[in-house]
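Below, read A as the first sequence line, B as the second, and so on, with proteins coming before strands; counting in each chain starts at 1.
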Amino acid sequence: MVGVPAEHGLILAAILFALGLAGVLLRRNIVFILMALEIMLNAAGLAFVVAGARWAQPDGQIMFIFILTMAAAEVAVGLALVLQFYHRFKTLDADAASRMRG
Amino acid sequence: MLTLLWLIPALPLAGFLVLVSGGRNWSRPAVAAIGVGSVGLSALVAVAVGASFMLAPPQGEAYTQSLWTWMDVAGLNARIALRLDALALVMVLVVAVVSLLIHWYSAEFMIEEEGYGRFFAYMNLFVGSMLVLVLADNLLLLYLGWEGVGLCSYLLIGFWYKEPANGRAAQKAFIVTRVGDAAMAIGLFLLFNHLGTLQIQELLHRAGQQWPAGSGLAVAAAALLLGGAVGKSAQLPLQTWLPDAMAGPSPVSALIHAATMVTAGVYLIARMNVLFTLAPVVQSAVAVIGALTLLLAGFSALVQSDIKRVLAYSTISQIGYMFLALGVGAWSAAIFHFMIHAFFKALLFLAAGVVILRLHHEHDMFRMGGLRRRMPAVFWTFLIGCASLSAVPLVTAGFYSKDLILWQAWSSPAGGPWLFAAGLVGAFITSAYAFRMVFITFCGEPQPLVTQSSPLPRTGTSLAGPLVILAAASVVGGFVELPATLGHRPLFSDFLGSVLPSVRAARGSAATELALQVVSAAVCLAGIGLAYAMFLRQRAYAESLARSAWTRPLHRFWFGGWGFDWLYDRLFVRPIVWFARIDKNDFIDSLYQGVAWLSERCHRLLSRTQNGRLRWYAMGISAGAVIVIAIVVWL
């Protein structure tokens, strides 16, 4: 079976990761930041899967399942925090929560 | 028994450690039990060790106990080792026993003071340091004790630290003795550099072999050690700290003057006698310093009005006698006078302490008067102390010790009529100021302060006991050394003979000795007579004399201690303070200030990054990750 070359998969993963990172850094809306984080997680998962396919090992897919689980948990906690955030600040702008108490 | 030697300094030091760790929280009786008990046990061990030393003298008349090696670097092998010989034994016994009496007295004397535990902690450290000093086998350990004594004098003179004047007196004592200590440290470097050891016996042996008498190195080394001794023993020109050291409590003065601090210099010179014999110039300097000091301090004592300052000047003067004896080679006479002086000076300070305490911290003798009937026990013991100080013939110990010094100042090869004359004039002044003190304080009409003060309570046992014991010692202590004219029983000199060479009489016969004794006895009685005439019979005349036009400047000059304080203030203190003031912002300072400035700037810069914005932190994390990965990949 002639598959996709591993390089292409990794480049795609890198592009996805960079897009996710840019989203985290540039978006101010906290929901979008959360979504960008999901993109980064999936980019990492893709890299694992590509690497698993490259060496014909199941480890990559096992790691992806771990990441999926972790992402589900993270989204659950993250969305709960977003709700609290909105409840408190009446906005979704992450920079609104910049006040520090010593 | 001799193996218990290490306990003698260890017990007071242990007492210090215990008191300093927990003395703040304990009750006063517990603190007193530890403070007095540790010194008491130490004195007990000292007596036991002394008895076994005298009954069965060890090999070579000395016992060395090596505890452990302190350091062993590049040929410097300093051990923590104690050496007991006749000289060390005399010193240990006097220091331990007199300190015990002073501690016993302090337990009651200080009972109402704040910082009771602190007081006993320092006192114990003081005694421990002095015992280390006299028992040290090498000069480095001796120097440790030497500095420990200096530190404790600072702590105790400034014991009532809430008065700024007391703090200044403490600093003065510390700094002035430091001048001498620096000279002594250089002397130790010189000795080690040229003789390759600091172990005292070995060092004296090598000095005798390598250096001919009068050689430059021997003179330099002896002169530097003399500098240290002069500072510690408050002799010319470093005597100015002692009168101000009166700022401390009376038991502290007693301890500094009688047992511990000021006699360290006398001990050092007696211990290093071989070195001083090799440097005759320095040895004569010792005698001249002693003679000058005893006269200067005597005249100053004659015009003081503070009872403790009289005693302070009298200590300087009496240590001057010891230096005179050391200078003419009468080593054992100096140590004998040290012992007798320890008895009567401790007695005088403790008795004066009772008077001061009962009169609510009044120091001025002219506001006392007529205390004889109000505190007879103190009066009689004080009188005995003063009689011993002024060397009343035959019945007091001071007579035997001072007479020995005067005779040897005359007869020894290094002595002569001039030194003898200085001692004789000093004896006259001594008896005059001693009995001036007695007559003004205890006789005559009671001053308002005395009559108005509430009825004086009886002196307690704990205060009176030490006074009585010391008074007894001030009388019978002299009988261990009777001069040739009075039965010739030189027990004390014979005992010290194994360590200190005896003096050969170069001039004078038995008839001369008797004549000189009669002269010095007459001089002593004349001094007492003068004090009686001027300060008891014709008090008004003495006061008008003090006020008359041509004696008043002299009075003021003597009162201020011959202007030494004034001179040193102009010569050293002010220039240094001035220089420190203009040099406040020099290059080295700017270096340290620059460090502070730089770290403050960095702090400002880094605190900007903590802005609370989540996305900046995420940016920081990813930038850091990129940098780390870059380093891992490319380096």
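- Listed in order of number, the residues of residues 48-84 of chain A that approach chain B to under 4.5 Å between heavy atoms amount to none.
- If you measure heavy-atom distances from Leu26(A) to chain B, the contacts under 4.5 Å come from the backbone alone.
- Between His103(B) and Phe120(B), the ring planes lie tilted relative to each other; the angle falls in the 30° to 60° range.
- A heavy-atom distance below 4.5 Å is found between the side chains of Arg28(A) and Arg615(B).
- Residues Ile157(B) and Ile256(B) meet the side-chain proximity criterion, which asks for heavy atoms closer than 4.5 Å.
- In terms of heavy-atom pairs under 4.5 angstrom with chain B, the leader among Leu25(A), Val24(A), Leu21(A) is Leu25(A).
- Counting heavy atoms from C-beta on, the side chains of Phe119(B) and Val31(B) never come closer than 4.5 Å.
- Two residues are said to be in side-chain contact when any heavy atoms from C-beta on lie closer than 4.5 Å; Tyr568(B) and Thr240(B) meet this criterion.
- Looking only at side-chain heavy atoms (C-beta outward), Thr177(B) and Met261(B) come within less than 4.5 Å of each other.
- Aromatic rings of Tyr122(B) and Phe126(B) (six-membered ring for Trp) have centroids beyond the 6.0 Å cut-off, not under it.
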